[in-house]
Engineer: 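Okay, here's the structure, questions in a sec.
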Amino acid sequence: MPLTKLRQAVFRANSMLVENGLVVLTWGNASGIDRERGLVVIKPSGVSYQDMRPEDLVVVDLDGNVVKGNLRPSSDTPTHLELYQSWPDIGGVVHSHSRYATAFSQATEPVPCYGTTHADFCPGDIPCIPALTREEVDRDYEGATGRSIVRYYAEHGLKPNEYPGAVLSHHGPFTWGKNPVDAADNGLILESVAEMAIWTRLINPSVQPIPGYILEKHYYRKHGPGAYYGQKK
């Protein structure tokens with residue numbers, strides 16, 4: 001994707017966070033990557049979404065060096081870079097402090113799969129990444145945040161394309177996708193199923209997870225080689 005189009009896509013993804021009520025003030029960021037050039041476009045740190053223009057977005061290389069832009073990149077840039085470097089198939093990353101997903105982060109619990117809406121999104125609970133150690137926070141907080149996500153997925157055999165988002169203990173949600181807009185869509189889906197899970201648990205505190213055979217049916221009818229949801233491309 002040409003850098004100009006990538007900048008437009010990242011600006012659109014950031015705008016979607018506001019439009020979908022996923023961010024308050026400046027609490028969030030979206031990025032996208034040009035794999036051929038090894039460049040990442042990301043929201044500038046602490047800049048109001050209302051005041052932000054496409055040309056304000058910052059371009060960095062995979063080492064975090066600013067290549068283009070007069071503003072400082074998001075403080076979460078090292079987290080985004082860790083995900084891009086570890087998972088070559090993703091093209092966009094989003095971070096927010098959306099209310100319901102963040103509630104699970106603060107409760108240090110995964111988002112449970114209670115129904116088919118969630119099952120259409122991913123084939124199980126949305127993982128909660130354990131809290132960082134004091135040493136990790138002191139040494140390289142944002143970079144360690146990204147590495148903790150990657151490490152958890154590797155240790156638990158989770159595929160980032162099947163579980164395109166996670167909640168981080170005491171922090172908030174990160175989502176990713178094939179491009180910046182897809183990552184923003186996944187942020188909205190994660191927030192929506194988190195809200196449904198909270199209300200479900202309030203209505204029935206003894207609720208049980210969706211039966212596995214229903215979960216699998218819904219996930220695989222929409223994803224994978226045998227999928228038949230939607231139209232043929």
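Quick note: numbers below take in every heavy atom, side chains included, and nothing from hydrogens, waters or symmetry partners.
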Engineer: Are side-chain heavy atoms of Pro127 and Tyr153 found at a separation under 4.5 Å?
Structural biologist: yes

Engineer: Tell me, please, which residues at least two apart from His118 pass side chain to side chain donor-acceptor pair (under 3.5 Å).
Structural biologist: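 For His118 there are no side chain to side chain donor-acceptor pair (under 3.5 Å) partners, ignoring immediate neighbours.
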
Engineer: Indicate yes or no: at least one non-hydrogen side-chain atom of Ile198 is less than 4.5 angstrom from one of Phe104.
Structural biologist: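 Ile198 vs Phe104: side chains touch.
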
Engineer: What pairs of residues pass the ring pair (Phe, Tyr, Trp, His ring centres under 6.0 Å) test when at least one of them lies in residues 181-218, not counting sequence neighbours?
Structural biologist: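 Non-adjacent pairs meeting ring pair (Phe, Tyr, Trp, His ring centres under 6.0 Å): zero.
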
Engineer: Can you list every pair that meets salt bridge (charged side-chain N to carboxylate O under 4.0 Å, His left out) and has a residue in residues 194-206, with sequence neighbours left out?
Structural biologist: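 Applying salt bridge (charged side-chain N to carboxylate O under 4.0 Å, His left out) to every pair that reaches into residues 194-206, excluding sequence neighbours, yields Glu109-Arg201.
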
Engineer: Return the minimal non-hydrogen interatomic distance between Trp87 and Val150, and the atom names on each side.
Structural biologist: CZ2-CA, 3.9 Å

Engineer: Could you walk me through whether Val58 and Lys43 pass the side-chain contact (heavy atoms from CB on, under 4.5 Å) check?
Structural biologist: CA-CA 6 Å; Val58 186; Lys43 181 185 181 293; over 6 Å; no

Engineer: Show which residues join Trp27 in its hydrophobic cluster (side-chain heavy-atom contacts under 4.5 Å, direct or indirect), or state none.
Structural biologist: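 When side chains under 4.5 Å apart are linked, the cluster holding Trp27 also contains Val24, Leu25.
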
Engineer: So does Arg53 get a backbone contact from the side chain of Asp56, meaning a donor-acceptor N/O pair under 3.5 Å?
Structural biologist: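 Looks like yes, one N/O pair under 3.5 Å.
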
Engineer: Show, in sequence, the C-alpha distance, side-chain angles and deciding distance for Arg99 and Glu191, and conclude whether the side-chain contact (heavy atoms from CB on, under 4.5 Å) test is met.
Structural biologist: CA-CA 8 Å; Arg99 290 177 178 85; Glu191 176 68 357; 4.0 Å; yes

Engineer: With a cut-off of 3.5 Å and sequence neighbours excluded, list every side-chain donor-acceptor pair involving residues 181-190.
Structural biologist:
{"from": "Asp182", "atom 1": "OD2", "to": "Lys178", "atom 2": "N", "distance (Å)": "2.9"}
{"from": "Asn186", "atom 1": "ND2", "to": "Trp176", "atom 2": "O", "distance (Å)": "2.8"}
{"from": "Asn186", "atom 1": "ND2", "to": "Asp182", "atom 2": "O", "distance (Å)": "3.4"}

Engineer: Go through the steps to decide whether Glu162 and His223 satisfy the test side-chain contact (heavy atoms from CB on, under 4.5 Å), and finish with yes or no.
Structural biologist: CA-CA 9 Å; Glu162 292 184 347; His223 307 274; over 6 Å; no

Engineer: Please determine which of Leu17, Leu22, Val18 meets the side chain to side chain contact (heavy atoms under 4.5 Å, CB included) test together with Asn20.
Structural biologist: Leu22

Engineer: For Thr102 and His97, test the side chains for any donor-to-acceptor distance below 3.5 angstrom and give the result as yes or no.
Structural biologist: no

Engineer: Between Ser31 and Tyr84, does any side-chain donor sit less than 3.5 Å from a side-chain acceptor?
Structural biologist: yes

Engineer: Taking only residues two or more places apart in sequence, or in another chain, which ones meet Lys159 in a side chain to side chain donor-acceptor pair (under 3.5 Å)?
Structural biologist: none

Engineer: Any side-chain heavy atom of Asp125 within less than 4.5 Å of one from Pro112?
Structural biologist: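 Sidechains of Pro112 and Asp125: in contact.
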
Engineer: Determine, step by step, whether Leu57 and Ile42 satisfy the side-chain contact (heavy atoms from CB on, under 4.5 Å) criterion, reporting the C-alpha distance in whole Å, the side-chain angles of both residues, the deciding distance to 0.1 Å, and the verdict.
Structural biologist: CA-CA 6 Å; Leu57 297 173; Ile42 194 166; over 6 Å; no

Engineer: Quick one: ring pair (Phe, Tyr, Trp, His ring centres under 6.0 Å) partners of Phe174, sequence neighbours excluded?
Structural biologist: His95

Engineer: Tell me who clusters with Tyr219, hydrophobic residues only, linked when side chains sit under 4.5 Å apart either directly or through other members.
Structural biologist: Tyr220

Engineer: Among residues at least two apart in sequence or on other chains, which ones pass ring pair (Phe, Tyr, Trp, His ring centres under 6.0 Å) with Tyr152?
Structural biologist: His156

Engineer: Which residue pairs pass the salt bridge (charged side-chain N to carboxylate O under 4.0 Å, His left out) test when at least one of the two sits in residues 61-78, sequence neighbours left out?
Structural biologist: none

Engineer: Sequence neighbours excluded, which residues qualify as salt bridge (charged side-chain N to carboxylate O under 4.0 Å, His left out) partners of Glu216?
Structural biologist: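 In terms of salt bridge (charged side-chain N to carboxylate O under 4.0 Å, His left out), with neighbours along the sequence ignored, Glu216 is linked to no residue.
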
Engineer: On the six-membered ring of Tyr228, is Lys222 placed so that its NZ or CZ lies under 6.0 angstrom from the centre and within 45° of the ring axis?
Structural biologist: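 Verdict for Tyr228: no cation-pi partner in Lys222.
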
Engineer: Enumerate, atom names and distances included, each donor-acceptor pair closer than 3.5 Å involving a side-chain atom of residues 130-140, sequence neighbours excluded.
Structural biologist:
{"from": "Thr133", "atom 1": "OG1", "to": "Glu136", "atom 2": "N", "distance (Å)": "3.1"}
{"from": "Thr133", "atom 1": "OG1", "to": "Glu136", "atom 2": "OE1", "distance (Å)": "3.4"}
{"from": "Arg134", "atom 1": "NE", "to": "Asp138", "atom 2": "OD2", "distance (Å)": "3.1"}
{"from": "Glu135", "atom 1": "OE2", "to": "Arg139", "atom 2": "NH2", "distance (Å)": "2.5"}
{"from": "Glu136", "atom 1": "OE1", "to": "Thr133", "atom 2": "N", "distance (Å)": "2.8"}
{"from": "Glu136", "atom 1": "OE2", "to": "Arg151", "atom 2": "NH2", "distance (Å)": "3.3"}
{"from": "Asp140", "atom 1": "OD1", "to": "Gly143", "atom 2": "N", "distance (Å)": "3.3"}
{"from": "Asp140", "atom 1": "OD2", "to": "Arg147", "atom 2": "NH1", "distance (Å)": "3.3"}
{"from": "Asp140", "atom 1": "OD2", "to": "Arg147", "atom 2": "NH2", "distance (Å)": "3.0"}

Engineer: Do Leu39 and Val60 come close enough that some side-chain heavy atom pair is under 4.5 Å?
Structural biologist: no

